[in-house]
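Just so it is clear, the structure is predicted and the values come from calculations on it, not from any experiment. Quick note: residue numbers are just sequence positions, from 1. Order of appearance sets the numbers: ligands from 1, and atoms from 1 within every ligand.
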Amino acid sequence: MLLLTPGPTPVPEAVRMAMSTPTIHHRTPEFEAIFGQARGYLKKLFDMEEVLMLASSGTGAMEACVLHLCQSKALVVNSGKFGERFGKICAAYNKPFIEIKNEWNTPVSVEAVVELIKNDPSIDAICMQVCESAGGLRHPLEAIAKAVKAIRPQVMIIADGITAVGVEKVDTTHIDALISGSQKALMLPPGLAFIGLNAKALEMIEEGGAGYYFNLKTELKNQRKNTTAWTATTTLIIGLNAMFELIDAEGGLEKLYADTAKRAHATNEALKALGLHIYPKVPAPAMSAVLHEDASKIRKILKNKYGVNMAGGQDHIKETLFRINHMGLVNVYETAWSLNAIEMALSELGIRHFDGTANRVFTQEFYK
Ligand SMILES: *Cc1c(COP(=O)(O)O)cnc(C)c1O
């Protein structure tokens with residue numbers, strides 16, 4: 001079965017092999033060297049002063065950021081399930097927040113954020129996604145961060161980049177905290193979360209520190225010495241280094257970003273050529289999302305007949321959305337086969353006669 005969901009993504013063989021070595025103890029010079037190497041790779045990937053690793057799924061890193069970097073009032077951008085989650089975390093900790101809510105296909109506008117920042121001096125943090133995975137949209141995060149910092153530099157920009165880091169180059173110039181997780185673009189099993197931090201965020205954490213398990217002050221102190229406060233996810237971190245080596249062997253990050261962008265573009269063009277509706281108004285390169293009344297039926301045929309596992313939607317678009325992953329080292333022929341399978345499924349459902357359009361357009365666009 002071809003796993004083409006936007007998280008979890010398949011774990012490459014070289015990474016699985018690296019993770020099959022015997023377990024080592026985490027309080028050893030041997031593991032500290034591995035941890036130090038991982039830190040080096042991560043700082044390059046995030047392009048930030050510091051990157052912390054947490055033994056949790058991505059949501060743990062979101063929670064840690066809210067806990068440490070939101071004080072008087074957070075502005076939460078909610079264009080989907082993951083934006084909504086930031087609000088729920090704020091509520092769980094009794095942190096005041098306001099929300100800009102949009103339909104799940106609609107990115108927040110720079111103007112809407114700027115207006116709130118200008119009119120409400122109590123806002124001191126913004127929590128938002130780079131790519132909102134619920135609908136596959138790309139927010140104008142970098143433009144928002146830049147505009148906000150020009151008005152009030154002390155506003156902390158907390159960016160959830162779980163479906164952006166490792167997918168595309170995120171400009172971190174005006175971002176204070178950038179979150180990622182292991183099971184999406186980084187091609188690892190779930191269980192490891194990351195937070196990239198700039199000097200301002202580090203200062204706040206060093207002066208503050210909050211909570212217990214997710215106390216970033218404690219983690220910072222330990223991880224700077226190449227160890228962790230609690231038992232490290234040794235196996236996943238060994239896999240992480242193998243994953244970075246694999247990306248290097250495949251031509252490096254720039255090539256990965258370029259290939260991902262090309263695959264995403266060619267896929268969207270092929271889907272449109274089939275007459276399908278791309279759901280997000282501004283699609284992110286991490287995935288292609290199609291809104292169709294028969295999305296569930298299409299997915300069922302793909303899974304049962306053509307061996308392709310794609311993701312559906314969530315909540316009100318659970319049955320009407322399907323999402324195709326582009327994150328990680330996806331082979332061109334995997335995406336091509338999946339598009340071909342979609343076209344065949346459409347034909348089977350009597351929606352559109354099969355004529356090979358999907359593969360023709362995908363191949364032409366990809367190799368243009
Ligand atoms: C997957 C994802 C998360 C994290 O979810 P976990 O299940 O906790 O790993 C957060 N934000 C976005 C945008 C995601 O796609």
Any nitrogen or oxygen of Ser133 lying under 3.5 Å from a nitrogen or oxygen in ligand 1? Just yes or no.
yes
For atom 7 (O) of ligand 1, the protein heavy atom that lies nearest, with its residue and separation
Ser57 OG, 3.9 Å
Is it the case that atom CD in Glu13 sees more than 12 heavy atoms from other parts of the structure closer than 6.0 Å?
no
Indicate the ring-plane relationship of Tyr213 and Trp230, choosing parallel, tilted or perpendicular according to the 30° and 60° boundaries.
parallel
Contact region, Ile162 to ligand 1, non-hydrogen atoms below 4.0 Å, reads side chain
Which part of Pro6 is near ligand 1, with near meaning a heavy atom under 4.0 Å away: side chain, backbone, both or neither?
neither
Around atom 14 (C) of ligand 1, find the nearest protein heavy atom and jot down its residue, atom name and distance.
Lys184 NZ, 3.0 Å
Taking every heavy atom of His326 against every heavy atom of Thr267, the minimum-distance pair comes out as CE1-OG1, 3.2 Å
Answer yes or no: does an N/O atom from Gly58 fall short of 3.5 Å to an N/O atom of ligand 1?
yes
So, for Val76 and Gly83, which heavy atoms are closest and what is the spacing to 0.1 Å?
CG1-O, 3.3 Å
Answer side chain, backbone, both or neither: which part of Glu132 comes under 4.0 Å from ligand 1, heavy atoms only.
neither
Smallest separation among heavy atoms of Lys81 and Gln314, with atom names
CG-NE2, 3.6 Å
Do Glu365 and His265 get their side chains close enough for a donor-acceptor pair, meaning under 3.5 Å?
yes
protein heavy-atom neighbour closest to atom 9 (O) of ligand 1 works out as Gln183 NE2, 2.8 Å
For Gly356, is there any backbone N or O sitting under 3.5 Å from a side-chain donor or acceptor partner on Glu343?
yes
the protein heavy atom lying closest to atom 11 (N) of ligand 1 turns out to be Asp160 OD2, 2.5 Å
Check for me whether Cys131 has a heavy atom closer than 4.0 Å to any atom of ligand 1.
yes
